[in-house]
Each structure stands twice: as structure tokens, then as C-alpha cells.
Amino acid sequence: MTCQYYTTPIYYVNAKPHLGHAYTSIAADVATRFKKMEGADTFFLTGTDEHGDKIVQAAEKENTTPKAYADKISKLFQDVLPLLNIENNHFIRTTDPGHIEVVKSVLATIYDKGDIYFSSYEGIYCFGCERFYQERELVDGKCPDHGTVPETIKESNYFFKMSKYQDWLIEHIETHPDFIRPEQYRKELLSFLKEPLEDLCISRPKTRLTWGITLPFDEDYVTYVWFDALVNYITALGYPDGDRFKKFWPTTRHFVAKDIIKPHGIYWPIMLKAAGIDIYNGLNVHGFWNVQGSKMSKSIGNVTDPVEVTGRFGVDAFRYFLMREMVFGLDANFTEDVIVARINSDLANDLGNLFSRVLSMNYKYFKGSIQGPAADSDKDLSLEPEATAALEAYTKAMAECRFHKALASVWELVSAMNKYIVANEPWALAKDPARTGDLGTVLYELLEGIRFVAGLIWPVMPETSGKIIAALGLELPEKGFFNLDAIRPWGQIPRGISLAKPQILFPRVDVEKKAVEPPAAKPLKPALKEEITIDDFSKIDLRAGKILSAERIEKSDKLLKLQVNLGTQTRQIVAGIGKSYTPEDVVGKEVIVVANLKPVKLMGELSEGMVLAASVKKNLVLSGFNGSPKPGCPIK
RNA sequence: GGCGACGUAGCUCAGAUGGUCAGAGCAUGCGGCUCAUAUCCGCAGUGUCCGGGGUUCAAUUCCCUGCGUCGCUACCA
């Protein structure tokens, strides 16, 4: 029996689940369900990543412990799974005691082998902020927050010798075309690997972070993210001795979004190699969902809640939309218009209406009783070739994670059936008693086609699949799904049984409200940031300034060092306008200055403020006045 | 700035070792049917396949370059 192990990333518990999480999980779920239909033994893992500084801070904000905070958010991720009809075999948490043990043992193995070394480096550290600073971040050599002079301290950490395995990894990727799919991401990783890899810092001293897994070879350090998180994939299978590990690990494919291909495509295989563990089979990389044409982000306020969308449109419609609309690997756009269009045209009009018209005719003409093909049936009436063709195309596409194509193939069958009805005009056959046999055949062929469709859509729309099967008077197999081979044989629906009047599978989503609404203004590009109050705005101190002098900063093609007169004082401001202006251009210009911006060092030069400029594609256009205000006067 | 991806009908996007590769769905217009969730079926389109060079008998498809969008990264302020 073939096996298949699929995983989603473990989701970081710093925010609740959004559309992107839902997509990855649903894609992995669909792939898993499909493998089951092929007869494979599957294991599907998802979970949460719970250690690290951000969690400590978030917990402090809520006046609770990191563990309690992680419990709370992790539960949100667990609770969303049944709502999305995701059938995971296990849910792993990086705070699970078993996981912690495996992380330690993997680290110990690599340490013993000599691929982890201890190294110290000097850095400038502010004890108030509990963090290192780069030279350029300091203001007059002082911490920008505390105004104190940070201390130069030596910190030591453990490093993992990734560089040692770089050539091996390149070789592996080049000789395994399926290791990273789709192809564009394989190219991308190979291009990363053209540069020498730096060794990976894998620890944090406990003086700085305690919410983590203690290193097995040094009590004073905890792991920093990489080993802590990635190792979950083997923990969940019972590494090192579990039967599941032996059985499933070689078949592993990780589903990840494109932003985390480096840790998964570079760090993780090298970690496994160093630990003497066979590496996984490969990575399935998908793109991002944009919402209303913009990247999802808290500040824009377009973070989409999958629970809310599911509540409005239904879980099957949501799953269908995600799988049908996105080309796996590429970005896609999520807007209400698009999902409504998909639901109405594909689900309500094409499939739902097909189901409705066929069962209605069967009810109307035969009181619901299934006739079956007439003995003297004309072979030309068979829909089997179309159904078989759909199944073949669907199977091929699903195996390659080309979910949109797989569904399109099924819809070709749906469309063929709608054409078949028009071509054969059952309503005309019904008027001619001599042609009752043909009518029975036509309806039977259609019912069989619908049975086929119900089977093929099961991975994506399990609820609908079950509804249709039930409406056809069939029973789902014990395991709850059809094997592909069980779907294939044509003519399975028993004759003589009676079917009820059809229900509505997918109601059309009414969009009339939209038409009544006044046409919405086109969103600004880039998308508008989060709304602020006048109080927020008043925190920004804008002043009129006059540029007294300007010079280029060496080695920078973008930065100009300006001396700006603000009336009673002259400020040095470093501005990134060097591509659009020469120093001569700007001397004498009157500009708007953000006067209370925290000073920073850029390329070693102090910048005490910011001059405002319009950003026109790659060019900047300096702000100015309609007149000549006194330098230093406030702007409101 | 560096690296990478992408740029194809009004919209969303497929597509090919270079030669029926100029496509699908949606939206639009017209026609048909009446079993059906005012659903379905048929017909009709429009495209310098981002611009410019190059390789070739032949390029939308390969190479170079420019522009634009996006992602990662960097000296974003």
C-alpha cells in the first residue's frame, strides 16, 4: 500500500487564523483526501509554533503566562479545523513534552557530530532594551530609547555549520526535480544557494530568553526557532523509533507558502542531513492571497477571517473557491465579487442546477423511480467517455497539486452533461410514449454522471459530495469516501429504487444589493493605511524648513545629507532623494519637515528628522509651499 | 540597491522541446429551449500574447535590454 505524509507549517500563535492559514490547511487536506481516494495510507499533520520572544511579550500584555497565552491561541487554530472540514490526523504543539525531547535528541546528535559550535561575538547591547543594536541605529552613540550609552558586551551562542552541507544540498535539488514544486520556487532556491550560506545561530542565552527549549548540552541556553519548530514534522511521526516514522517519513511533502521556503528548503534538509536522518521527499509551495488587490495586513485592515467567510457562504463553497481560483504556486485575489461569481456560476448554475434538473425530471417523468438504460439502448447515449476523460484529467492534475485544473476537468463533465440534456431533449422524449426507453436511458446516464461528479469533488467538497450520494440513494463506503477505482465502473446505480425531489445544493448568492449601492470609489493605491484620529495626527510635529546646504553621502547613491533651517535651529537630515535630486537642486528649497521624528543614523550620519516628498513611482518630488513661510513655523 | 517571480481578450487567468498557440471562464450583445436555482444551450466578437533589440527559415514561446507589478533582502525615514 502506498503511503503519503502531508504537513502544513506549524502556525505561530501570535495572531488568530486568517485566510492564508486556511488555504494552506485546506490545500493539504484536499491533497490528503485525494491520496485516500487513490487508496493510499495517509497521515496529515498541522499544529502550532509556540515559543519565542513575541509570545512572551504578548502574554505580558495580557497579564498572563506564555503557556496560557499559547494555549489560548493554539485553541483558536484547533477549533477552526472542524469548521473548515479539515481532517488532520494529529495536531502538534511545540510545547508538547514529547516534542521537546525529540528536539533535544536531534540537537545532541548534531552537537556530538561536531556540526554545532560555540562562538562569541562582540556587540553593543542596551540592558534597558534587552537587545543588541547596530552601530547605525544609535544616536550620538546612545540608545535611541533610553538615551544611555550601550555597553559593548561579548555574547556567545551556538551556531550550526550549514555551510558544510551547501554543495550537497545544491546537488540534491539539482538531481531531484520534484524536491521543490512548482518549478519557479526550485529556481529561486537554487539562486539563493549561489551565494555562500552563513552558519545559523540556533540559540539564545537564558538571560535574554527563557521561553524556549533548553539546549541539551548547555543549561544556560534555549533553542532559537529553527530546531524548535522544524523538528515538529518528525516528532509527530514518533521519531526515532515509531512505526509511523519509518512508514511515512520518506513520503513527506510539506505544504508551505512562498515566504518560508528558505527555512524549509535550505535549513531543514541540512538539519536532517546533519542529524543523519533521511531528508523528506519534497515541498509544495503556494503563493499569497491578496485581499481587495492588496497584501493582507493588519494596518490596512483587510485580514480575512476564514470563519466569517465560511459562515456566510458555507464551508464547501469556500473550499471550492480557494481551490478553483488560485493556481497553486501563484498569487490570487480574494474579493467578495469573485467568490460570489464563482459560487453563482460554477456551483449554483452549473452543478447545482444540473443536479436539480436531472432529479426533477426523474421525479416528474418516472415518479422518482430509476429506470436504467433500456435493453435496446442506443450506445450513442452513453456519457461514460466524457466521465472517464474527466476522471483521467482530474487524477493527473490532482497528483500535481494543480487543484484548479482538476476542478476545471470535473466542470467539463458538468458542462458536457448540460449540453447532453439540450441535445437529447428529455421533455420531448417524455411526450412520446414510444420513446420512454430512451428517456430512461438518458436520465440514467445523467444520474451516473452526477454520481461520478459527486465522487470526484469529494476531496474539495466533502459535504456536497455526501449530499449528492445520499440523494442518489447510494451509501458512502464505510470509510466515508470513494476509492477512485470504485467510482470508475459505469452503471452502478441500482434500478427500481425511488429518488426524492431534489433539494437546492447551492443557493444563488443575491448580489442585487450591490447594484443599488452607489458605485464605490476606487481604492487608493497603495491601499489606504489604518484610519487615525486627530490626536494621532497631532503627535506628528510638522515644521516649515529651508534647505541651507546639501551634499551626497559617500558610497550611497540615494542619500543626501541636508542642513535644514528650522528657524531657531539648524538640523542635519539625511534624505533618500539622491536619485531624484542633485545637491544643487535642493539648496534653497522650502520643505515640510517632520521635526519630532526619532533621530537615527544612516550610513553613519545622524538624521534628525525627515523631509516630506511625494513618491511618484521611483521618483520623489519634494514637498513645498505656495508662498514662503517662516522657517520653523508649525504646519497643521 | 541586490536577488527572484510575474506582465496574454473589458475582468480573472490558462498555455506551448520555438512552426493550427492566439485560448478558457466570467462579464457584454443577439438567438434558441423550457426539465431546472430567471437556470441551460448556440452564435458573436475585440487582442502589436508589456516596449525595444538579438538568435532562427520561423518567437507570444529562447537570449539581452528597458519599463511596470509583486516577493525576499539591503543604506526606506
Side-chain angles (χ1 to χ4, degrees), chain A residues 134 136 182-195 257-262 287-288 290 293-295 324-327 329-333 335 337-338 340-342 344-365 402 404-405 407-408 411-412 414-415 417-430 439 442-443 446 501-510 525-526 553-559 573-579 593-594 597-605 607-613 615 617-618 620:
Chain A
Q134 298 288 316
R136 62 180 180 84
E183 182 67 15
Q184 67 253 37
Y185 296 109
R186 181 163 166 268
K187 277 189 198 152
E188 205 168 322
L189 269 197
L190 282 171
S191 126
F192 285 142
L193 286 168
K194 280 180 190 153
E195 300 296 316
K258 65 181 184 181
D259 57 336
I260 51 174
I261 56 175
K262 259 197 215 176
F288 285 158
N290 295 318
S294 306
K295 193 181 173 183
R324 179 63 184 81
E325 191 69 16
M326 177 176 264
V327 178
L330 303 180
D331 292 356
N333 198 14
T335 69
D337 285 355
V338 182
V340 167
R342 277 281 172 216
N344 284 345
S345 82
D346 295 2
L347 298 182
N349 295 352
D350 290 349
L351 175 59
N353 184 57
L354 172 70
F355 172 82
S356 176
R357 66 199 303 207
V358 171
L359 270 85
S360 290
M361 285 191 279
N362 192 63
Y363 191 82
K364 200 165 184 168
Y365 301 145
R402 318 229 298 176
H404 76 290
K405 258 199 148 173
L407 288 168
W411 256 253
E412 277 184 28
V414 169
S415 177
M417 289 164 76
N418 275 320
K419 292 186 201 346
Y420 177 90
I421 293 174
V422 172
N424 290 296
E425 300 186 306
W427 50 91
L429 298 178
L439 178 60
V442 165
L443 291 184
L446 287 165
K501 274 188 182 174
Q503 330 137 286
I504 298 284
L505 236 35
F506 296 99
R508 279 182 64 86
V509 179
D510 201 352
K525 263 194 114 177
I553 291 180
E554 241 186 284
K555 282 188 291 184
S556 167
D557 43 6
K558 225 183 201 176
L559 299 182
I573 293 176
V574 177
I577 55 174
K579 283 257 163 128
V593 173
V594 182
L597 192 65
K598 186 159 90 176
V600 291
K601 269 195 177 177
L602 296 169
M603 291 293 281
E605 294 288 350
S607 180
E608 308 167 289
M610 169 174 167
V611 294
L612 298 188
S615 170
K617 299 192 176 171
K618 279 189 177 169
L620 293 173

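Here is how names work: the chains are called A, B, and so on, in the same order as the sequence lines, proteins then strands, and each is numbered from 1. Remember, it's a predicted structure, so these values are computed and weren't measured experimentally.
Judged as a side-chain contact (heavy atoms from CB on, under 4.5 Å), and not counting sequence neighbours, the contacts of A:A332 are A:W289, A:M326. Taking the side-chain hydrogen bond (donor to acceptor under 3.5 Å, both in side chains) definition, one finds that A:K258 meets it with A:D331, sequence neighbours left out. With sequence neighbours excluded, the residues satisfying salt bridge (Lys or Arg N to Asp or Glu O under 4.0 Å) with A:R402 are A:E400. Annotation: side-chain hydrogen bond (donor to acceptor under 3.5 Å, both in side chains) contacts of A:R342 (sequence neighbours excluded): A:E325, A:D346. For the side-chain contact (heavy atoms from CB on, under 4.5 Å) test, residues two or more places apart in sequence or in another chain that qualify with A:V327 are A:L330, A:H404. Shown here are the side-chain contact (heavy atoms from CB on, under 4.5 Å) partners of A:A408, two or more places apart in sequence or in another chain: A:R324.
Pairing for B:rC72 is with B:rG2, a Watson-Crick or G-U wobble pair whose two hydrogen-bonding atom distances lie under 3.5 Å. With a cut-off of 3.5 Å on both pairing distances, B:rU55 has no Watson-Crick or G-U wobble partner at all. Pair check for B:rC13 finds B:rG23; Watson-Crick or G-U wobble, both atom distances under 3.5 Å. Across all strands shown, B:rU48 has no partner, as no Watson-Crick or G-U wobble contact with both distances under 3.5 Å is found. B:rC43 is paired with B:rG29 under the criterion used here, namely a Watson-Crick or G-U wobble arrangement in which both key atom distances are under 3.5 Å.
Look at the P atom in both B:rA5 and B:rC43: the space between them is 40 Å, to the nearest Å. A gap of 24 Å separates the C1' atoms of B:rU69 and B:rA77, to the nearest Å. As rounded to the nearest Å, B:rU46 and B:rA24 have P atoms that lie 11 Å from one another. Separating the C1' atom of B:rU73 from that of B:rG47 is a span of 38 Å, rounded to the nearest Å. When the P atom is used for both B:rC63 and B:rU55, the distance is 16 Å, rounded to whole Å. Taking atom P in both B:rC72 and B:rC30, one finds a spacing of 47 Å when rounded to whole Å. For the C1' atom pair drawn from B:rA14 and B:rA9, the interatomic distance equals 13 Å after rounding to whole Å. Comparing the C1' positions of B:rG68 and B:rA59 gives a spacing of 22 Å, expressed to the nearest Å.
A distance of 9.5 Å separates CE in A:M361 from OG in A:S356, rounded to the nearest 0.5 Å. Separation of atoms CD (A:E412) and CG (A:D350) is listed at 12.0 Å; rounding is to 0.5 Å.
When the C1' atom of B:rC76 is taken as reference, atom CD1 of A:I573 falls 15 Å away, rounded to whole Å. A:M326 places its CE atom 16 Å from the P atom of B:rC70, with the value rounded to the nearest Å. In this structure, A:L193 atom CG and B:rG4 atom C1' are separated by 13 Å, rounded to whole Å. Across the protein-nucleic acid pair, A:D346 atom CG and B:rG25 atom P stand 11 Å apart, rounded to whole Å. At whole-Å resolution of the value, NZ in A:K262 and P in B:rG4 are 13 Å apart. Taking atom CG on A:L190 and atom P on B:rA5, their separation rounds to 11 Å, with Å as the unit. Rounded to an integer number of Å, the gap from A:N424 CG to B:rC41 P is 14 Å. Atom CD1 in A:I261 sits about 14 Å away from atom P in B:rG71, given to the nearest Å.
A:F288 approaches A:A257 most closely through the heavy-atom pair CE2-CB, 4.1 Å. Across every non-hydrogen atom of A:L429 and A:V442, the tightest pair is CD1-CG2, 4.1 Å.
Between A:K419 and B:rG42 there is a side-chain N or O to OP1 or OP2 distance below 4.0 Å.
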Taking distance alone, no hydrogens or angles, what donor-acceptor pairs closer than 3.5 Å link side-chain atoms of residues 418-428 of chain A to residues at least two apart or in another chain?
from	atom 1	to	atom 2	distance (Å)
A:N418	OD1	A:R357	NH1	2.8
A:K419	NZ	A:S415	OG	3.1
A:Y420	OH	A:L381	O	2.7
A:N424	ND2	A:Y420	O	3.0

List the protein contact pattern of nucleotides 30-39 of chain B with one symbol per nucleotide (5' to 3'): B for base contact, S for sugar-phosphate-only contact, - for none; contact means a heavy-atom distance under 4.0 Å. ---SSBBB-S
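Using a 4.0 Å heavy-atom criterion, one finds that A:G609 contacts the sugar-phosphate atoms exclusively.
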Check: protein-nucleotides 6-17 of chain B nitrogen or oxygen pairs below 3.5 Å:
from	atom 1	to	atom 2	distance (Å)
B:rU12	O2'	A:E325	OE2	3.3

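Taking the nucleotide of RNA chain B with the nearest heavy atom to each of A:S345 and A:F288, the more 5' of the two is matched to A:S345.
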